[in-house]
Every structure is written in structure tokens, then in C-alpha cells.
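Position 1 is the first residue of the sequence; numbering continues from there. Remember, it's a predicted structure, so these values are computed and weren't measured experimentally. Side-chain atoms are counted along with the backbone in the values below, which use heavy atoms only and exclude waters and symmetry mates.
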Amino acid sequence: MFYHNKRLQYYTPPQRPDPIYAKKVQELIGGVFGEMTVMMQYLFQGWNSRGPAKYRDMLLDTGTEEIGHIEILSTLIGHLLDKAPLKLQEQAAEDPVVGAVMGGTSPLDVITDVIAAAMNPQHTIVTGLGAQAADSVGFPWNGRFIASSGNLLADFRANLHAETQGRLQAVRLYEMSDDPGVKDTLSFLIARDTMHQNQWLAAIEEIESSGIETTPVPSSFPQNLEKHEFAYQFWNHSEGTQSEEGRWAKGRSMDGKGEFEYVAHPQPLGPEPQLSPPDPRLHDTPHPGQTQGNGASAPPLVERTTTIGG
């Protein structure tokens with residue numbers, strides 16, 4: 001059961017409208033690493049969790065918090081779009097520099113064209129000056145952006161990745177604005193991203209130290225069934241050997257179950273592939289020397305084993 005409190009978690013309105021910046025903020029809502037992704041990711045991970053109750057509770061706490069983050073950003077976009085085109089046109093028309101730069105062209109016409117080209121047209125045509133479930137270039141949010149595997153260690157690592165990328169994008173947007181209200185609102189969301197990165201690191205550490213799940217994930221798969229001789233080799237697949245200097249190229253492996261080995265010149269271990277001749281009924285291009293035939297006497301590719309209606 002969910003309840004909605006009409007007060008926002010945190011919010012400072014922008015001092016002025018900015019429809020172009022509103023278009024950019026859409027990335028924080030509907031982008032691959034936006035709030036819609038982490039919201040749905042944490043909620044589905046929580047709903048699907050069959051592990052210890054504290055992890056399910058924590059996931060649902062955070063997923064529900066992310067719903068509020070979307071509301072904050074949607075409100076911000078609404079204020080950035082509020083009467084934005086008209087106000088910006090008026091301000092630009094009052095600036096004599098614009099007319100001089102444009103060589104006598106009407107500043108009002110020029111600014112109108114610039115705004116129409118730069119802002120998201122769906123903000124006026126589709127949403128009526130509101131936010132949408134899409135990224136900054138209008139690509140709709142997609143459920144395939146989320147990870148919910150049922151393996152908590154795998155999922156918590158995905159969550160850390162999402163929060164890392166999300167905070168990076170929020171920080172970049174912070175640097176793109178000089179509006180005190182925008183920057184203050186983003187500073188709250190950035191701070192929550194800081195907490196969530198630490199939260200997932202703490203959960204990862206706890207999961208591994210408890211032995212519920214360890215590296216490599218899934219730890220339930222017997223490692224004697226994998227080609228163990230290749231499990232800790234780093235293969236140098238490019239020119240140069242600078243990669244040999246990394247922690248991943250020597251010493252004890254991170255899971256403590258092997259020793260890293262640097263392979264400077266990895267060689268192919270399998271044969272050159274040779275596929276069988278194509279089925280003539282598929283009309284593929286055969287290898288020289290192979291014959292296709294016309295397939296006239298061959299059985300059909302699809303045979304019905306049942307009939308519709310009896």
C-alpha cells in the first residue's frame with residue numbers, strides 16, 4: 001500500500017523559466033540512469049526478493065523514496081516551462097545587442113525560432129508544459145533499463161552502477177545552470193545519490209561478509225565446472241602492455257580463490273568454424289562446390305500437427 005504526502009521531500013523553485021534546461025532535466029527522469037530507472041529497479045528487486053527481510057524492506061524504502069524524486073524533477077520541469085517561450089522572447093526583444101548581431105533581423109522572430117528549435121516540442125504539444133516519461137532527446141523510458149535478477153549481490157552491484165551514473169549526470173546538470181533554485185534542488189538530489197552509493201556499498205559488503213553470496217556471482221555455481229585454468233587470466237587483446245601494470249594482472253585474485261596471470265599474447269584455442277551446408281529450403285548462399293537443389297521433393301519447412309476448428 002502506498003500513500004502520497006502532498007509536500008515534496010525537498011524543493012526550491014527556479015528563479016526564472018528556461019525551457020531549454022527543462023529539456024535537459026528530462027534525462028534525470030526518463031534516461032537510462034534516471035530516477036524512473038532506479039525507482040522501478042529497486043521496487044521490482046524488493047517485490048521479487050526472497051532473501052532476508054531487511055533487504056526487501058530497504059529496497060522498498062529506497063524505491064518509494066525515488067518516486068518522490070521524480071515528483072521533484074517533474075515539478076521543476078513544470079516551473080521551468082511556465083510561460084517560458086513568451087517571457088524569453090520578450091527579454092530577448094528588449095536587448096538591442098540581439099538586433100545588432102542579427103543584422104537588423106527582428107529579434108522577436110529570431111528568438112522565437114531559436115526557442116522552438118532548442119526546446120522539446122513535446123513539452124508543449126504532448127504534455128502541455130509538463131514533464132514526460134522520456135529522456136532529454138525524447139526517447140521513451142523503457143522497462144528494459146532495469147535489473148532485477150533475484151540475486152541480491154548482482155542487483156546491488158547494478159544499483160551502485162546506476163547511482164554512480166545518475167549522480168554523475170546530476171552533477172553535470174548542476175554545472176550547466178546558474179539558477180540558484182535549480183542548483184539548490186539538484187544539490188539535494190545529489191546528496192541523496194551520495195547516500196545511495198554508500199548504501200549499496202554497505203549492502204554489498206554485508207552480503208559478502210555474511211557468506212549469503214560471494215564473488216564470483218552466482219557463487220552457488222560449482223567452480224570446478226568452469227575451465228578453471230582460464231578463470232584468472234588477463235588477456236592482452238590490444239597493442240601495448242600498459243594493462244600489465246594493473247592490480248588485475250598479478251597477485252591474488254579479488255575473490256581469494258586464484259592468482260591473476262597476465263597473458264601477453266593470447267592465442268586462439270578453438271578451430272576455425274566450419275558450418276554444415278545450408279538447407280536448400282532456406283535458399284541461403286552455399287559455399288562453392290555445394291549444391292542447393294530446388295527443394296521440390298523436400299518436405300515443407302513447417303508442418304501443421306493440428307488443425308484449427310477440428
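- Here the closest heavy-atom approach between residue Pro218 and residue Asn151 is recorded as CB-ND2, 4.0 Å.
- For Tyr174, there are no side-chain hydrogen bond (donor to acceptor under 3.5 Å, both in side chains) partners two or more places apart in sequence or in a different chain.
- In plain terms, the two heavy atoms of Asp155 and Gly150 that are nearest each other are OD2-N, 3.4 Å.
- Salt bridge status for Lys257 with Asp255: absent, with no side-chain N to carboxylate O gap under 4.0 Å.
- Between the Gln233 side chain and the Phe260 main chain, no donor and acceptor come within less than 3.5 Å of each other.
- Checked against side-chain contact (heavy atoms from CB on, under 4.5 Å), Gln197 has the following partners two or more places apart in sequence or in another chain: Leu160, Glu163, Thr164, Arg167.
- In this structure, Gln199 CD and Asp193 CG are separated by 11.0 Å, a value rounded to the nearest 0.5 Å.
- Connection of Ile67 to Tyr3 is not established within any shared hydrophobic cluster, with ILVMFWY side chains joined at heavy-atom distances below 4.5 Å, either directly or through further cluster members.
- Under the ring-ring contact (aromatic ring centres under 6.0 Å, His included) criterion, His237 pairs with Trp235, not counting sequence neighbours.
- Tyr10 and Asp184 form a side-chain donor-acceptor contact under 3.5 Å, judged by distance and modelled atom types alone.
- Looking at residues two or more places apart in sequence or on another chain, you find no salt bridge (Lys or Arg N to Asp or Glu O under 4.0 Å) involving Arg172.
- Scanning both residues, Arg7 and Asn5, for their nearest heavy atoms gives N-OD1, 2.9 Å.
- No hydrogens or angles considered: nothing links the side chains of Gln122 and Thr127 as a donor-acceptor pair under 3.5 Å.
- Here the side chains of Arg157 and Val217 are in contact, with some heavy-atom distance below 4.5 Å.
- Of all heavy-atom pairs between Ile20 and Ala118, the closest is CD1-CB, 3.6 Å.
- Judged as a side-chain contact (heavy atoms from CB on, under 4.5 Å), and not counting sequence neighbours, the contacts of Ala231 are Glu226, His228.
- Scanning for side-chain contact (heavy atoms from CB on, under 4.5 Å) contacts around Asn159 gives Gln41, Tyr42, Gln45, Leu59, Phe156, Trp200, with sequence neighbours left out.
- Using a distance-only test at 3.5 Å, with no hydrogens or angles considered, a donor-acceptor pair links the side chain of Asp135 to the main chain of Gly138.
- There is no path of hydrophobic side-chain contacts, each under 4.5 Å, that joins Tyr232 to Val263.
- Val171 and Leu28 end up in the same hydrophobic cluster when Ile, Leu, Val, Met, Phe, Trp and Tyr side chains are linked at under 4.5 Å.
- Using a 3.5 Å distance cut-off with no hydrogens or angles, the side chains of Glu213 and Ser219 do pair a donor with an acceptor.
- Between the side chain of Asn198 and the backbone N or O of Thr194 there is at least one donor-acceptor pair closer than 3.5 Å.
- Here Ile77 contributes atom CD1 and Tyr21 contributes atom OH; the two are 10.5 Å apart, rounded to the nearest 0.5 Å.
- Between the side chain of Thr185 and the main chain of Thr12, a donor-acceptor pair closer than 3.5 Å is present.
- In this structure, the side chain of Lys183 engages the main chain of Ser177 through a donor-acceptor pair within 3.5 Å.
- To the nearest 0.5 Å, atoms CD1 (Ile212) and OG (Ser220) are separated by 13.0 Å.
- Here Glu272 pairs with nothing under the salt bridge (Lys or Arg N to Asp or Glu O under 4.0 Å) rule; sequence neighbours left out.
- The NZ atom of Lys24 sits 13.5 Å away from atom CG of Asn120, with the distance rounded to the nearest 0.5 Å.
- Heavy-atom neighbours of Phe234 CZ from other residues, nucleotides or ligands within 6.0 Å: above the threshold of 12.
- Note: His79 and Tyr11 have tilted aromatic rings, judged against thresholds of 30 and 60 degrees for the angle between ring planes.
- Contacts of Glu206 classified as salt bridge (Lys or Arg N to Asp or Glu O under 4.0 Å), with partners at least two apart in sequence or in another chain: Lys54.
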_Let's go through Val38 and Ile146 carefully: what are the C-alpha distance in whole Å and the side-chain angles of both, what is the deciding distance for side chain to side chain contact (heavy atoms under 4.5 Å, CB included) to 0.1 Å, and is it a yes or a no?_
CA-CA 7 Å; Val38 291; Ile146 74 169; over 6 Å; no
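- Taking each heavy atom of Ala133 and Met36 in turn, the nearest pair found is CB-SD, 3.7 Å.
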*Tell me, with the steps shown, if Met254 and Trp248 meet side chain to side chain contact (heavy atoms under 4.5 Å, CB included).*
CA-CA 8 Å; Met254 306 311 295; Trp248 53 83; over 6 Å; no
*Determine, stepwise, if the pair Lys23 / Gln26 fulfils side chain to side chain contact (heavy atoms under 4.5 Å, CB included).*
CA-CA 5 Å; Lys23 178 179 179 180; Gln26 281 289 160; 5.7 Å; no
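- The backbone N or O of Ser136 lies less than 3.5 Å from a partner atom in the side chain of Glu27, making a donor-acceptor pair.
- Rounded to the nearest 0.5 angstrom, Asp179 CG and Leu80 CG are separated by 7.0 Å.
- Judged purely by distance below 3.5 Å, without hydrogens or angles, the side chains of Ser253 and Glu259 never pair a donor atom with an acceptor atom.
- Taken together through direct or relayed side-chain contacts under 4.5 Å among Ile, Leu, Val, Met, Phe, Trp and Tyr, Ile125 and Met119 form parts of separate hydrophobic clusters.
- Side-chain contact between Ser74 and Gln132: absent, with no pair of heavy atoms (C-beta onward) separated by less than 4.5 Å.
- Side-chain atoms of Ser210 come within 3.5 Å of backbone atoms of Ile207 as a donor-acceptor pair (strictly under, hydrogens ignored).
- Applying the side-chain hydrogen bond (donor to acceptor under 3.5 Å, both in side chains) rule to Ser49 yields no partners; only residues at least two apart in sequence or on another chain are considered.
- The side-chain heavy atoms of Ile29 and Glu35, taken from C-beta on, include no pair separated by under 4.5 Å.
- The main-chain N or O of Val32 is found under 3.5 Å from a side-chain atom of Thr37 such that the two form a donor-acceptor pair.
- A donor-acceptor contact shorter than 3.5 Å is absent between the side chain of Asp57 and the backbone of Ala53.
- At a threshold of 4.5 Å between side-chain heavy atoms, the hydrophobic network of Ile, Leu, Val, Met, Phe, Trp and Tyr places Leu173 and Leu168 in two separate groups.
- Counting heavy-atom neighbours within 6.0 Å of Arg50 CZ, excluding the residue itself, gives a total of 12 or less.
- In this structure, Ile204 and Leu153 approach most closely via the heavy-atom pair CG2-CD1, 3.7 Å.
- Considering only residues two or more places apart in sequence or on other chains, Arg192 meets the salt bridge (Lys or Arg N to Asp or Glu O under 4.0 Å) condition with Glu65.
- Scanning for side-chain contact (heavy atoms from CB on, under 4.5 Å) contacts around Asn236 gives Ser238, Thr241, Ser243, Tyr262, with sequence neighbours left out.
- A side-chain donor-acceptor contact under 3.5 Å links Arg56 to the backbone of Trp47.
- Annotation: Glu205, atom CD; neighbour count of heavy atoms from other residues, nucleotides and ligands within 6.0 Å does not exceed 12.
- In this structure Asp61 satisfies the side-chain hydrogen bond (donor to acceptor under 3.5 Å, both in side chains) test with no other residue, sequence neighbours excluded.
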_Residues Glu244, Lys250; criterion side chain to side chain contact (heavy atoms under 4.5 Å, CB included); working and verdict_ = CA-CA 8 Å; Glu244 188 176 8; Lys250 54 184 174 294; 5.9 Å; no
